[in-house]
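What follows is a short report on a single structure.
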4 protein chains.
Amino acid sequence: MINRVVLVGRLTKDPELKYTPNGTAVATFTLAVNRQFSNQQGEREADFLNIVVWRKAAENVANFLKKGSLAGVDGRIQVRTYEQDGRRQYFTEIVADNVQFLEPKGSSGGGRNNDYNGAPPMEPQGNPYGGGNQNQRQNQNTNKGYTRVDEDPFAGNGQIDISDDDLPF
Amino acid sequence: MINRVVLVGRLTKDPELKYTPNGTAVATFTLAVNRQFSNQQGEREADFLNIVVWRKAAENVANFLKKGSLAGVDGRIQVRTYEQDGRRQYFTEIVADNVQFLEPKGSSGGGRNNDYNGAPPMEPQGNPYGGGNQNQRQNQNTNKGYTRVDEDPFAGNGQIDISDDDLPF
Amino acid sequence: MINRVVLVGRLTKDPELKYTPNGTAVATFTLAVNRQFSNQQGEREADFLNIVVWRKAAENVANFLKKGSLAGVDGRIQVRTYEQDGRRQYFTEIVADNVQFLEPKGSSGGGRNNDYNGAPPMEPQGNPYGGGNQNQRQNQNTNKGYTRVDEDPFAGNGQIDISDDDLPF
Amino acid sequence: MINRVVLVGRLTKDPELKYTPNGTAVATFTLAVNRQFSNQQGEREADFLNIVVWRKAAENVANFLKKGSLAGVDGRIQVRTYEQDGRRQYFTEIVADNVQFLEPKGSSGGGRNNDYNGAPPMEPQGNPYGGGNQNQRQNQNTNKGYTRVDEDPFAGNGQIDISDDDLPF
DNA sequence: TTTT
DNA sequence: TTTT
């Protein structure tokens, strides 16, 4: 059925790139999309939307986008369900078919972590979406220098079985 | 910023129509949008998306759509934030600019609650989205025969101050 | 770059299915999309949009849609250019990634040409878009019972070189 | 019915701003949207799409966009019909609900015509869309310093009767 | 936990 | 809590 989303906004952090057990790249990031109208307090609010990208596009995202980058996303909305403390939780994300880099070419100077994995050298890496899967522990695996992912691309570890067979392409 | 969503799917229940204190109509419903590809178990999953509609369109939705109706939605994604048991929760919804009725004309026979407010006569009315606002109690107010809403259109009661001033049009 | 179109409307005619020289299926049809507001004369106008679909989806369109069918289209806009009488002409079409059939299942009774090629038995087959390519003549070739296409899927014959290599997937 | 288009691309020229007889601002420009895949010759083609914007947004477009600017457009497709030399011609355009400026703030240096009406001082003004209305002559009228438009916003003059009553809002 |  |  028709399920189409188009967004333009800015990354709230560097993207995170991980790999499924069979080597499929998956990148995640949050896009801040400013609302068109200000609220009663005269503030211009934003919506913070979770984006997932797979395969080659995931690696491009990891290489070319960073915190603050302007990007366009064309994809579909998906809701994932999980249990937490016996309560059903919902996690809404946009699965991107296509991510467009909207920064001017020469604007990548400084700021980006040069190791391209979105994690500051010393800090442990966590789930960028606090409301998401909670049973995460520090993921020690590496794959091509990136963090490996067995399942939920938004968690450091997980029981939801995600593999290439889930990929709709 | 650009934030555009287009969906086609079926209502999981009759829509709920409420009114803000100053009389603005607001309807909510959940749209089941089938995914394009089946999962590893060969099942065709669906995403269940929360839709909000305001004003005249809200009343049309309440009058013409019911559980199972096929509908198209053109709108934008919005994330609302609230606290529950000291934890931040997120509620994602589509604010519809336009809802299109895709049922054939003569297909409204039977099934729909004829009082058009989406609540079965004897049952208390609750939040259609379990993950949403929890501090709801049965709303006793009525307005033109419909349930009144002071705030969160998805709750029976609430502290989030929603009024016509929030309306972006 | 981002180029996304979503439409819901009705077919003005049965779709036309053709094949490129190397056997790729391509279907074309016109979708009548009613405007949301009526004009000064109080009439509800429609826009007539040219749709192209490739491969398996093309065959599904030919098999399941007919004149009058309600359908959703998710795709991108494309403009083709050609010369006619020494003047540059533009032909705008939507290349569909996905076509959704919105007719209720049991509603296909009668009306559709059972040979599934969109052409009434006795009538010569023409370009469904009168404003389009003009240098058309009756196409005599057949391919699996369908009309073959060497180039412009909207013409009966043509000089624009279209082949599978043009397919972006 | 659902008719939604989202585009990101670059202006091929400065936008043109005109006014209807009753003072409604209308801006037009062409957006070059690069295709995602290169063709057989390895070239990355673009589609050139005609955009119309009305009212306040039209004036913003005229003030903030110029040739080469990156912009996002959210709107709907519309086809206009006219006769030329006894032949029916079609003109496809995107009526924008919303135009987003995607250029970095400090990037407006040089290049733009400072009179903000999109017309070079000495040159006659023409239809930016060669395939469009042909019976144009230089429009002499002015309105608040801008070119006035009686009808087709893409022509310098015209017989198609466009007025504020046509505005769907 | 949020971007400009 | 989910629709056909």
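Protein chains get the first letters and strands the later ones, always in sequence-line order, with residue 1 at the start of each. Please read all numbers here as calculations on a predicted model, not as lab measurements.
The CD1-P distance, from Ile51(A) to dT3(E), rounds to 16 Å in whole Å. dT4(E) atom P lies 19 Å from atom CG of Asn3(B), rounded to whole Å. Going from atom CE of Met1(A) over to atom C1' of dT3(F) covers 8 Å, rounded to whole Å. In this entry the distance linking CD of Glu45(A) with P of dT2(E) reads 13 Å, nearest Å. For Leu11(B) and dT2(F), the CG to P distance is 16 Å, given to the nearest whole Å. As rounded to whole Å, 13 Å separates atom C1' of dT3(E) from atom CG of Leu65(A). Following rounding to the nearest Å, Gln36(A) (CD) and dT4(E) (P) show an atom-to-atom distance of 21 Å. Between Asp47(A) atom CG and dT3(E) atom C1' there is a gap of 12 Å when expressed in whole angstrom units.
Considering only side-chain atoms of Asn34(B), the nucleotide from dT2(F), dT3(F), dT3(E) that sits closest is dT3(F). Closest approach to the Ala32(A) side chain among dT3(E), dT4(F), dT2(F) is made by dT3(E) (side chain taken as heavy atoms from C-beta onward). Of the candidate nucleotides dT3(E), dT2(E), dT2(F), dT2(F) has the atom lying nearest to any side-chain atom of Thr12(B). Among the nucleotides dT2(F), dT2(E), dT3(E), the one closest to the side chain of Ala46(A) is dT3(E).
Gly68(B) comes within 4.0 angstrom of sugar-phosphate atoms only, judged by non-hydrogen atoms across all strands, and of no base.
Considering only heavy atoms from C-beta on, Leu7(B) stays 4.5 Å or farther from Ile2(A) through its side chain.
Residues forming a side-chain contact (heavy atoms from CB on, under 4.5 Å) with Gln36(B) (at least two apart in sequence, or on another chain): Asn98(C). With sequence neighbours excluded, the residues that form a side-chain hydrogen bond (donor to acceptor under 3.5 Å, both in side chains) with Glu43(B) are Asn39(B).
The minimum heavy-atom distance linking Asn3(A) with Leu49(B) is given by the pair ND2-CD2, 4.5 Å.
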